[in-house]
2 protein chains.
Amino acid sequence: MDIEKLRREYTPMSETAFYILLSLVEERHGYGIMQYVDGLTGGRIRLGAGTLYGSLSRMEKDGVIEAAGEEERRKLYRISGIGREILKIEIMRLGELYQNGMKLWEGIS
Amino acid sequence: MDIEKLRREYTPMSETAFYILLSLVEERHGYGIMQYVDGLTGGRIRLGAGTLYGSLSRMEKDGVIEAAGEEERRKLYRISGIGREILKIEIMRLGELYQNGMKLWEGIS
DNA sequence: GATGATTATATCACGTGATGATATATCATT
DNA sequence: AATGATATATCATCACGTGATATAATCATC
């Protein structure tokens, strides 16, 4: 699947998908992602099992993330090269939304 | 519907919903929103009729936006008090995502 | 060593909402 | 009068996030 098609399918992405992808900038296994996101967001986001493993399967199938070994009960993943490009685009998109939001918000206090 | 329930149902909100709500910081009619968002995003986001009028109906039903008069063929809307609270929360959420994204992104260049 | 909490992954059914397509009508311009 | 822009509305579809449920191993602790 080419990058342009992936960009269309993955951006805008959901908050949970974003944090899953962001977590995998370093190698992690599913459960580790849960805990990491929990910590990163101060407990605001608690990933459900369905959300997490569903997303992981889809992302691996599409090559946005890739397997990075398997140790006893754990499957390790990491973000792929294409995944990194998608993530970059998504971060920029979020920046645009935030900037536009702040700009207009300040007009009404 | 109380604010807490609305917050649950509206955040995180989609990119299109965000821009629709943001547009209504000033009074606008549906078609005007289309053009405004088009301009604000440099043509990146072109709202489809289905997306727009569907969202508008839902948002008015829930009291996130309110009718602001009707002139010939146009129905004017504006954001409501509760809508403003929701929008504020959403902008803060976007800020969090963006900050976390940038923070981790810089670690990998 | 039994019990309960935590670690760890997987699958399924459900609902919701975004989207594209389609329809309708008016208005301005050529 | 024909075309394109203005303006709103509805409908079917589809993908995705979510919660529930299941399974099992490991760990702490009593």
Side-chain angles (χ1 to χ4, degrees), chain A residues 1 5-21 23-24 27-39 41 44-62 64-65 67-77 86 90 93 97, chain B residues 1 5-21 23-24 27-39 43-62 64-65 67-77 86 90 93 97:
Chain A
M1 186 139 49
K5 188 159 178 229
L6 285 173
R7 192 203 52 77
R8 267 201 309 276
E9 285 186 18
Y10 276 88
T11 74
M13 80 181 60
S14 71
E15 176 172 70
T16 53
F18 177 72
Y19 273 115
I20 290 171
L21 207 47
S23 301
L24 293 177
E27 282 183 17
R28 281 197 170 82
H29 59 100
Y31 198 77
I33 295 173
M34 276 190 190
Q35 298 172 312
Y36 181 68
V37 172
D38 192 323
T41 63
R44 191 176 68 80
I45 299 177
R46 298 236 152 90
L47 296 175
T51 308
L52 179 65
Y53 294 102
S55 294
L56 247 23
S57 298
R58 178 171 168 250
M59 286 178 178
E60 193 190 9
K61 172 180 69 66
D62 292 335
V64 171
I65 63 174
E70 197 157 346
E71 46 182 51
E72 354 98 45
R73 290 195 296 150
R74 300 164 167 188
K75 281 196 200 161
L76 291 169
Y77 297 97
I86 300 286
E90 181 66 6
R93 189 187 69 83
L97 288 206
Chain B
M1 184 139 49
K5 185 156 181 232
L6 285 173
R7 192 203 52 79
R8 267 202 309 278
E9 286 186 18
Y10 276 88
T11 75
M13 82 181 58
S14 72
E15 176 172 71
T16 52
F18 178 73
Y19 273 115
I20 291 171
L21 207 48
S23 301
L24 293 177
E27 283 183 18
R28 281 197 170 80
H29 59 101
Y31 197 80
I33 295 174
M34 277 189 189
Q35 299 173 311
Y36 180 70
V37 172
D38 192 323
R44 191 176 69 78
I45 299 177
R46 298 238 151 88
L47 296 175
T51 307
L52 180 65
Y53 294 103
S55 294
L56 248 23
S57 299
R58 179 173 167 251
M59 285 177 178
E60 193 189 8
K61 171 180 68 70
D62 291 337
V64 171
I65 63 174
E70 197 155 349
E71 47 181 52
E72 357 93 50
R73 289 196 296 149
R74 302 164 166 187
K75 279 195 199 162
L76 291 168
Y77 297 96
I86 300 286
E90 181 65 5
R93 190 189 68 85
L97 287 206

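Bear in mind the structure is a predicted one, so any value in this text is a computation, not a measurement.
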Identify whether any heavy atom of [X] sits under 4.0 Å from a base atom; if not, whether one sits that close to sugar-phosphate; answer base, sugar-phosphate or nothing.
X       : value
A/Arg73 : base
A/Gly50 : base
A/Ser57 : nothing

B/Leu24 side, atom CG; B/Ile33 side, atom CD1 - distance, nearest 0.5 Å: 4.0 Å
I need the [atom1]-[atom2] distance between [X] and [N], as an integer number of Å.
X       : N      : atom1 : atom2 : value
A/Tyr53 : C/dC12 : OH    : P     : 17 Å
B/Leu56 : C/dA18 : CG    : P     : 12 Å
B/Met59 : C/dA18 : CE    : C1'   : 12 Å
B/Leu47 : C/dG20 : CG    : P     : 10 Å
A/Met34 : C/dA8  : CE    : C1'   : 8 Å
A/Tyr36 : C/dA8  : OH    : P     : 17 Å

Heavy-atom nearest nucleotide on DNA chain C taken for A/Lys75 and for B/Thr51; more 5' hit belongs to A/Lys75
Candidate pair B/Ile86 and B/Met13, rule side chain to side chain contact (heavy atoms under 4.5 Å, CB included), full reasoning: CA-CA 10 Å; B/Ile86 300 286; B/Met13 82 181 58; 3.9 Å; yes
Would B/Ile20 and B/Val37 count as a side chain to side chain contact (heavy atoms under 4.5 Å, CB included) here? Give the steps. CA-CA 8 Å; B/Ile20 291 171; B/Val37 172; 5.7 Å; no
Quick check on contacts: within residues 13-20 of chain A, what sits under 4.0 Å from DNA chain C by heavy-atom distance? none
Please indicate whether B/Arg44 has more than 12 foreign heavy atoms, meaning atoms of other residues, nucleotides or ligands, lying under 6.0 Å from its CZ.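 Above 12, so yes.
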Is any side-chain heavy atom of A/Tyr77 less than 4.5 Å from a side-chain heavy atom of A/Glu60? yes
Check whether any side-chain heavy atom of B/Lys75 sits under 4.5 Å from a side-chain heavy atom of B/Tyr53, and report yes or no.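 Side chain of B/Lys75 against side chain of B/Tyr53, heavy atoms only: no contact under 4.5 Å found.
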B/Lys61: partners by side-chain contact (heavy atoms from CB on, under 4.5 Å), with sequence neighbours left out: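 Testing B/Lys61 for side-chain contact (heavy atoms from CB on, under 4.5 Å), a comparison that skips the adjacent residues, returns none.
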Taking for each residue the nucleotide of DNA chain D with the nearest heavy atom, is it A/Leu52 or B/Gly30 whose nucleotide lies nearer the 5' end?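 The residue whose closest nucleotide sits nearer the 5' end is B/Gly30.
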Would you find a donor on one side and an acceptor on the other, under 3.5 Å apart, between the side chain of B/Arg28 and the backbone of B/Ser23?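 It does hold such a pair.
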Would a distance-only check, ignoring hydrogens and angles, find a side-chain to backbone donor-acceptor pair under 3.5 Å from B/Thr51 to B/Leu47?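 Side chain of B/Thr51 to backbone of B/Leu47, a donor-acceptor pair under 3.5 Å: no, none is there.
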Hey, where on DNA chain D does chain A first and last touch, going 5' to 3'? Cut-off is any atom under 4.0 Å from a heavy atom.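 Listing 5' to 3', DNA chain D meets chain A from D/dC16 to D/dT26.
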Presence of A/Gln35 side-chain N/O under 4.0 Å of C/dT7 phosphate oxygens OP1/OP2: yes
